[in-house]
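For reference, the structure discussed in these notes is given below.
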Amino acid sequence: MSWPQNSYRSFVLAGASVLVLGALSAASFAQAQTAAAADDELQEIVVSGQRFAVSDAAKRKAAADMILDSISADDAGKLPDNSVTEVLQRVPGVSITHFAAVGDPDHYSVEGSGVTVRGLSQVSSTLNGREAFSANGGRALLFEDVPPELLAGVDVLKSGSPDVIEGGIGGSVNLRTKMPFDYDHQTFSGSVSADYGDFIKQTKPGGSLLYANRWMTGIGEIGAMASVAYSDISTRHDTIQVEPYFPQTYNGKNVYVPGGFDWRSGTFDRKRLGAYESLEWSPNNDLTFYQTGFRSDYWSKSKEAGVYNQGSNSVNVTAGSNSVFGSNGGLLSSNQLSSTASDPLQLPGETGGSTALANPGLTNQHNVTTDLSQGMKWTPTKNWTITTDFQYAISQSQQQRIDLFSQTSVPSYGINLTGDLPVITVSNPSQLADPSRYIWYATMDHLENHIGRELAWSGDADYHVSDSGFLRSFKVGARFADRTEKDDVTGYNWTGLTPTWNPSSSWKYLNTAAASDINVSGFSNFFRGATTLPGTTVFPAWSLLESYPESLTKIHQLYGLAGDNTAPVTYTVANLSHTKTRTESAYAMARFGEDNLFGSGWKMNGNFGVRIVNNENSSQGYIQQPTGQILYNGATADLPGGYTANNGGHNSLMALPSFNVQFMPNDEVHLRFAAYQNMTNPSFNNLNASGSLSLTTDTNHVITGATATSGNPNLKPQLANNLDVSAEWYMPDGGQVHVAGFYKQIKDYISYGVTSVNVPFALPGGATQTMTAAVSGYFNAQPAYVKGAEIGLQKFFDFLPAPFDGLGIDTNFTYIYSKSPGDLSYDMLGNRITGLPVDLLSRYNYNITGMYEKGPISARLAYTWRSKYLLTPTANGTNGTYTNAAGQTVTYNLPIFADDYGTLDASIAYSFDDHITLTLEAQNLTNSVTKTLMGYGDQQYGRSWFVADRRYSAVLRFNY
C-alpha cells in the first residue's frame, strides 16, 4: 500500500507555502496598521504536575460560556494512556468501547474505540475548532489515530453554542494543539518510552520531540514550533464465543441449546507516527497570522486464528447425557452435545460430530490524516475582533484482508457455562490435531480504499459592546465547507478450494501439503490458563497469508480443484461510491451579563443566538443485480446480472437556536442552564448508494422472495432537542465539584434493520420488474430519548498532615436512561424485541482516580467502570433463518450487549529535577475479561469472552 500523494516532504512544503502566501498577501496591509496598546488578553499557561493540571482544567470549565470539561496536555501526558481515546474515558459522561469498530462486537480492541458523550456515539471532532475527520465511512476523527503527545489539551463540549460547528448531537471533542506564542522562551522537550504487553510478551519503543521558539524581527514577532511523536505497541487477545441458542424439545420440555462454539487467539501490532508544525507572525499587536500543519500516520496489523463450529439448530443434547438447564430453559452445562447434520468428513463408525472451519486471518491497515490551515486574527479597534481561517484536510484509509479456511470434523463435545468463563471439552482432542482430518476449504480476500477531502473557510466578527451593560458583545460568522468521500469497498471474495460438496476424490488434505504450508497450534497459555483449550488445531500457515496477494493464485493452483487459477479480488464499478456533503452556515450570537443581578450581588452572564445550516448530502453508486436461473414466462432463463446506477440525496435547511446562561452567587459557585438544538449528518457508510440485490427461488426456479443490502442516500440528518443544567463549585485551592442533568430528544434517529422496500430487478431479455425486497440497511426511525445526570469531584486534600497532604481524588459518576423504539431486533422465535436502549450507552458509568503529588513524586491509581450496554441491535453471526420443528422458516436478529466492565490503571512518576522525569505506567492491572451477551430479557445468554494484555510502560521525559 503506497501513499505517493501524502509524503512528509509534501506535507512540510505545503505547510510552509500557505504561510508564505498568507504573509505576502497581508504584508502591505500589516504595514499600514498603526501600533496599538499591548494585547491585554491573557494567554493560557499549562503548568506541570497533577495538582496544577486539575486547577487548569477547573479554570477552563469555569471560564467557558457553555457546559464543557477539559483535560490539559500535562494531565493527559501523565495518565497511563497511549491514545486520545483512552484519555477521553476519564472525562465525566464520556465512555469508550473495547471493540474494533461500532457494529462489530466479535473483534476486540485493546486501546478502545467508539467514543460516546453522554451516551451518544454521534460525536463531532474538531482540531483547534476546525472540523477533523478520518476517511473510514464515518464523520468523525478516529481518536486512536492521534498521538496524544502532539496535543495541548482536549475539550469535551456538552452544550451547544452558535459559534461551534454543527455535527454532534452527543457533543463535540476539540483537540487543542499549542501555538508558538504559547511559549515565552526557546523550548526543547521530548520523551523516550518502552511498552510491554505481558500476554504477547513483546516490548516496543516510542518517543517524541518538540522544539519551539519566538523572535523579534524588523517585521514583527515571529514564532515557530515543530513536534513529532512515534508509538509502537503489540498486544494479544484470546476469545471464546458461543453461537445463538436455538429452541428444542428435551425430555418433553422446551429448552434452548447453543448451535456451536468458537475459540480464537489473535495479535495486534500498531505503529503511529504523528507530526505537527505551526508558524505565527505578528506585524504589530493588533494583527497575527498563523499557519498549522498536522499529520497522523497509523499502521496496524491484525492476525487472528480460530476454530468456528457452527451447527445451528442441528446441535442437540444427546439423550441420556448429564445436562443442566436454567430457569429460562437455556442450557447451562452438558457433558455431550452432538449434531444431526450431515458431516461428510466423519470416518466410518463416528457419530455425532459436526463440521468446523479452522481459519487464520490477516488484516493490514494504513490510515493517514493531514490537516493544513492558515488564518489571521485582527483587532482594528478596541471593540472589533475579526478572524478568518482556511482549511484543507485529506484523509485516506486502506485495508487489505485475507482469510484461509480448512475444514474438519469436530467430535461430540461438552460445554459448561456456569462459571466466569466457558469450559469446552471435546470427546477426542487428538482428532483436532491430526492434519489428515482437515481438507483445504476456501480463501476469502477483501479490499477497502477510502479517500476523504474537505475544503473549508470560516470568518467571524466579534464586536465588544460593553464591560458593564447588559449586552456585552455581538458576534456573527459564516462557514462554507465542501467535503467529499470516495469509498471503494470490495465484497468478501469467498472462493472454494476443495469444499465437501465436491466429490470426495477431489478433496485435498492438509497432511499432503508442504510442511511449510501448515501450522499445528496449541494456543500457548490460552486465556492465561483460566479455562481449558478444546484442542490443538491444524491451520494453514501464516506465511501463505503474509505473502498475499501474490500467494493467492498459487494457493488455488496447489490446493484447489484442477485448473483453478483464482486471482486476488479487484475493485469493480459496483464497489465504488461517491458521497458529498456541502454545508453553508451562518450564525449570530449575543453575549450578555449582569454584575449585580437585581441588587442581590449575584452575577449573571450567557449567550443566545441561532446557527443557520444549509446541508446538502448526495451519494452516487451502483447496485449489483442478481445472477442465476429463474422461471420466466414459463421457461427457465438466466438472470442478466450486471450493475445499475443508483443515486440519491437530501437537502436540509435548519435553524439551530441555542441559549446558555449561568448565575453566580459568588465567584466560586456557577449555576448553568442550556437549551439548544443541534444536528448530526448520516455517516458516509449510512449514505452509501452502492449495494446488492438477490432473489430466492425454490427447486423449480420459481421466485419466492427478494433481499437487498444497501446504504440509504435519502437519509435525513438527526436533529436533537436538548436541555442541560449544571451546578458547579470551584474551590479556592483549585478543586471543583459539579452536578449536572441533561435531556435529549433525537428526531429521525438512524437505525439499522430489515425493512420492506420496492426495488427494481433486472430480468431476462432486458426486462425490469419492481419487487418488494427485504432490505437490510439504514432508515430514519422513531425518535430516541436520552436523559441522565452526572456528578464529579476533583480535589487535593491539603488540610491533611504531611506527607498525606499530597493526596487527592478525581472521581465522577454518570447515570443515563435511554430508549430507541425504532430498533428492529427479533428473538429466536421470530418475535419483535422492544424496549432496547440507544446503542453504546451504559446506564451507569464511573471513574475513581486516587492521586498523590508531593515533592518529586507524582502517582495515580485509576479505576474505570461501566455497566451493560447495547453494542448493536443487529450483528453478523447472530442473525439469520432456520426451519423450526413445525417446518416454518424463522428469522432471528439478536441484539448484542457488552456486559459490565471495569479496569484498573496506574502510574508513578519521579522528577529528578526541573528537566528530567521518569514515569512508570500500567494498564489493565485487574486482567479484566470483556464479555458480550446476545438476546434480550430472559432469553439473554453469553456470546463472547475476551482476555487481553496487561500493558506496562516506562517513559523518560525531558524539558529544557
Side-chain angles (χ1 to χ4, degrees), residues 33-45 55-70 129 155 157-164 181 282 284-288 376-388 459-478 586-611 657-676 723-734 736 738 740:
Q33 300 301 304
T34 58
D39 186 3
D40 60 357
E41 181 181 348
L42 294 177
Q43 296 185 0
E44 176 192 2
I45 300 175
S55 176
D56 182 70
K59 289 177 182 177
R60 292 188 64 85
K61 183 179 178 74
D65 57 2
M66 59 191 301
I67 299 173
L68 62 77
D69 282 286
S70 182
D155 296 326
L157 284 59
K158 297 180 177 178
S159 68
S161 179
D163 57 344
V164 175
F181 288 170
S282 287
N284 55 57
N285 291 334
D286 299 326
L287 182 65
T288 299
M376 75 166 190
K377 178 180 178 181
W378 178 36
T379 310
T381 71
K382 66 178 182 178
N383 297 99
W384 280 102
T385 300
I386 297 172
T387 60
T388 188
D460 305 86
D462 194 343
Y463 181 73
H464 178 74
V465 177
S466 168
D467 289 325
S468 57
F470 179 78
L471 183 62
R472 300 296 170 90
S473 68
F474 189 75
K475 187 177 182 182
V476 296
Y587 72 89
M589 180 180 75
R591 291 190 176 96
F592 57 87
E594 178 60 59
D595 295 332
N596 187 13
L597 187 64
F598 304 125
S600 64
W602 285 36
K603 294 181 181 179
M604 180 269 292
N605 60 49
N607 64 68
F608 67 90
V610 64
R611 187 175 186 92
S658 68
F659 174 72
N660 291 273
V661 64
Q662 64 172 328
F663 300 92
M664 292 166 284
N666 54 55
D667 291 340
E668 297 175 0
V669 177
H670 295 229
L671 307 174
R672 300 181 189 262
F673 171 80
Y676 57 99
L723 293 175
D724 287 29
V725 294
S726 178
E728 303 154 9
W729 175 33
Y730 298 93
M731 306 172 200
D733 60 3
Q736 63 100 358
H738 79 273

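No experiment lies behind these values; they were computed from the predicted model shown.
Shown here for R591 and D65, the closest heavy-atom pair between the two residues is NE-OD2, 3.1 Å. Closest non-hydrogen pair, R60 versus D155, comes out as NH2-OD2, 3.0 Å. Looking at every heavy atom in both residues, K475 comes nearest to D163 through NZ-OD2, 3.3 Å. Residue A62 comes nearest to Q662 through the heavy atom pair O-NE2, 4.4 Å, listed as atom of the first residue, atom of the second, then distance.
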Applying side chain to side chain contact (heavy atoms under 4.5 Å, CB included) to D667 and K603, what does each step give before you reach the verdict?
CA-CA 8 Å; D667 291 340; K603 294 181 181 179; 3.4 Å; yes
Is there a side chain to side chain contact (heavy atoms under 4.5 Å, CB included) between M589 and S161? Walk through the geometry before answering.
CA-CA 8 Å; M589 180 180 75; S161 179; 3.6 Å; yes
Check against side chain to side chain contact (heavy atoms under 4.5 Å, CB included), L723 and F673
CA-CA 8 Å; L723 293 175; F673 171 80; 4.1 Å; yes
Show your working on side chain to side chain contact (heavy atoms under 4.5 Å, CB included) between K61 and S70 and close with a plain yes or no.
CA-CA 7 Å; K61 183 179 178 74; S70 182; 5.9 Å; no
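In terms of the ring pair (Phe, Tyr, Trp, His ring centres under 6.0 Å) criterion, residue partners of F470 (sequence neighbours excluded) are, by chain and number, F592. With sequence neighbours excluded, the residues forming a side-chain contact (heavy atoms from CB on, under 4.5 Å) with A588 are F474, V476, listed by chain and number. For Y463, the ring pair (Phe, Tyr, Trp, His ring centres under 6.0 Å) test picks out W384, with sequence neighbours left out. With sequence neighbours excluded, the residues forming a ring pair (Phe, Tyr, Trp, His ring centres under 6.0 Å) with Y730 are H670, listed by chain and number. Not counting sequence neighbours, the partners of D733 by the side chain to side chain donor-acceptor pair (under 3.5 Å) test are K795. Considering only residues two or more places apart in sequence or on other chains, S726 meets the side-chain contact (heavy atoms from CB on, under 4.5 Å) condition with I67, R672, E728, A740.
When side chains are defined from C-beta on, W602 counts as touching L671, because their heavy atoms get closer than 4.5 Å.
How far CD of E594 is from CE of M664: 11.0 Å, rounded to the nearest 0.5 Å.
Between the side chain of N660 and the main chain of G160, a donor-acceptor pair closer than 3.5 Å is present. The closest donor-acceptor contact from the side chain of N596 to the backbone of G601 lies under 3.5 Å. Distance alone, capped at 3.5 Å, is enough to place a donor-acceptor pair between the N383 side chain and the H464 backbone.
Taking 4.0 Å as the cut-off between side-chain N and carboxylate O, K377 and D462 do not count as a salt-bridged pair. The pair K158-D724 fails the salt-bridge criterion, with no side-chain N (NZ, NE, NH1 or NH2) lying under 4.0 Å from an Asp/Glu carboxylate O.
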